[in-house]
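The next block holds one structure in the form of structure tokens; read it before the comments.
To find a chain, count down the sequence lines: A is the first, B the second, and so on, and within it residues start at 1.
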Protein chains: 2
Amino acid sequence: MATSTRSNAGTKGVARAVREQQIVDAACRAFGESGFAATSVADIAEAAGISKPLIYNYFGSKEGLYAVCLHHAAGTLTAEIERTAASGTVGLARAIVTLDGMFRALEPQPWIWRLVNDSTAAREGAIDAELAEYERRIFTFGHDGVAELMQLAGNDDARDLSAMHAVWEHTFRALVTWWLDHPGETPEQMTQRCIRLFSTVFGEIDISALTAP
Amino acid sequence: MATSTRSNAGTKGVARAVREQQIVDAACRAFGESGFAATSVADIAEAAGISKPLIYNYFGSKEGLYAVCLHHAAGTLTAEIERTAASGTVGLARAIVTLDGMFRALEPQPWIWRLVNDSTAAREGAIDAELAEYERRIFTFGHDGVAELMQLAGNDDARDLSAMHAVWEHTFRALVTWWLDHPGETPEQMTQRCIRLFSTVFGEIDISALTAP
DNA sequence: CTGATATGACTCATGAGTAAGTTACCACAG
DNA sequence: CTGTGGTAACTTACTCATGAGTCATATCAG
């Protein structure tokens, strides 16, 4: 039988960049599914098929690894929101388009949603910086849409706007979370559901912007 | 100088029931402000002015103590919701009345809100039982109101109802959380704000039910 | 032989939970 | 009114598990 005690220590193995990506993939999934606090570095190492010290070699600390995951996850989601925003849709149709884009972006890797919304992560240092940047980029879009709605209604109170914005963000979160909690529903179906729900509250919506690509 | 090493071990001290209440008060605050995971039993003991083993003596475990806190907090909030529900208001006015009641109930002990909505607590055993019971009691009220709205709009899809209910619960949470994040606003002011926001979305609301006691 | 990839086997801090003992009050016998 | 034992209230000083982070070492490509 093999006398080597250290299974494959020294195997030159895969290139650092590739290995880092594998680790980040495994970590995103683990962090997203169990939360930062409940996920141990050993768990991630096992899931990635490597050993713990390699993670510290490449990422420095658990926080460091989490910050990279956050960068990936938040970057993906923010890019998607900026993409739909650039399409030029306005009003409620824009809300629908944004939700639709989010469902599609999350379909292949649904766990990154919880990663970004994880409250068990300590907000400090690199993690805080990542999240702050993410929130900064996201803020404008929701805020502008809500401001438009408020202005139409003739309400220009700044705190009312702030509160309404909070409501919109939570509504967005509610719909995405509901979708994640009810698997087996395609993004298309969920978008149609959102259109029905919005119509219930706001009356008929002009969906002309949604049928065209 | 005093030779006694054990400061006040043996002081007969206060009656168990009273001490338990003191501990629960301190624990509710600590758990609510820092979250279950980030709060250590030693922290609570210090805040309550007693030592750790006394907590284990009275509550068995950290989970046991948390379950009692949850019972207190969830009980307070649920009772408030059931109280406003019993007032017989319907439609959007009922939503406003419920929010108003919640603001008033939370004013003296705002931390219990985060306690009930804490995701860092392990949902198992007694804790899970408490939360499940709380959710069961809460569920009906929001659900009925949303069902009423959906029926009025002619939508009887069960999953649409489920999703809309999720949106309502998150909206409720958004408003309460926003209020807690913006101290210095009285329940009255916040309720007025909610009325304005609801009007923006739904048009004028019949607030006749709100002016009467 | 140097440097990159990789690991087994540690250290160390933290925080839950426990063992064993200390003191004050109370009921009751003398 | 004075001992004396029972018990409730309370503490110090531990144990023990877990999980973050480190060290010394191994293998192989160029």
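- Residue contacts shown for A:Y58 are limited to sugar-phosphate atoms, with no base heavy atom under 4.0 Å away.
- A straight line from CG of B:D43 to P of C:dG15 spans 7 Å, rounded to a whole angstrom.
- Here the nucleotide nearest the side chain of B:S61, chosen from D:dA20, C:dT7, C:dG17, is C:dG17.
- Annotation: cation-pi geometry not satisfied between A:K62 and A:F31 (NZ/CZ under 6.0 angstrom from ring centroid, within 45° of ring axis).
- Between the side chain of B:H182 and the main chain of B:W178, a donor-acceptor pair closer than 3.5 Å is present.
- Across the protein-nucleic acid pair, A:E46 atom CD and C:dT7 atom P stand 13 Å apart, rounded to whole Å.
- Protein atom CZ of A:F36 is 13 Å distant from nucleotide atom P of D:dG19, rounded to whole Å.
- Atom pair A:R19:CZ and C:dT7:C1' shows a separation of 12 Å (rounding to whole Å applied).
- In the set D:dT12, D:dC10, C:dA16, the nucleotide with an atom closest to the side chain of B:K52 is C:dA16.
- A distance-only check finds no donor-acceptor pair linking the side chain of A:S34 to the backbone of A:T39 [under 3.5 Å].
- Remark on DNA chain D: of its neighbouring residues A:T39 and B:G49, the 5'-side contact belongs to B:G49, judged by nearest-heavy-atom nucleotide.
- Atom CD1 of B:I112 sits about 13.5 Å away from atom CG of B:D118, to the nearest 0.5 Å.
- Across D:dC10, C:dT18, C:dA9, the shortest atom-to-atom separation from the side chain of B:P53 is found for C:dT18.
- Rounded to whole Å, the distance from CG on B:L54 to C1' on D:dT12 is 14 Å.
- Counting distance only, with no hydrogens placed and no angle test, the side-chain atoms of A:K62 and the base atoms of D:dG21 include no donor-acceptor pair under 3.5 Å.
- Within 4.0 Å of B:S40, counting heavy atoms only, lie sugar-phosphate atoms of the nucleic acid but no base atom.
- Here A:C28 contributes atom SG and A:Q109 contributes atom CD; the two are 7.5 Å apart, rounded to the nearest 0.5 Å.
- When distances run from any side-chain atom of A:V41 to the nucleotides C:dA6, D:dA20, C:dT7, the shortest one goes to D:dA20.
- Atoms OH (A:Y66) and C1' (D:dA20) sit 17 Å apart, rounded to a whole Å.
- Distance CD (A:Q22) to C1' (C:dT5): 13 Å, rounded to an integer number of Å.
- Counting to the nearest Å, the C1' atom of C:dT7 and the CD1 atom of A:I55 are 13 Å from each other.
- The nucleotide whose nearest atom lies closest to any side-chain atom of B:Y56 is, among C:dA16, C:dA6, D:dG21, C:dA16.
- In the set C:dA6, D:dT11, C:dG8, the nucleotide with an atom closest to the side chain of A:N57 is C:dA6.
- Contact annotation: B:R16 side-chain N/O to D:dC10 OP1/OP2 distance is not under 4.0 Å.
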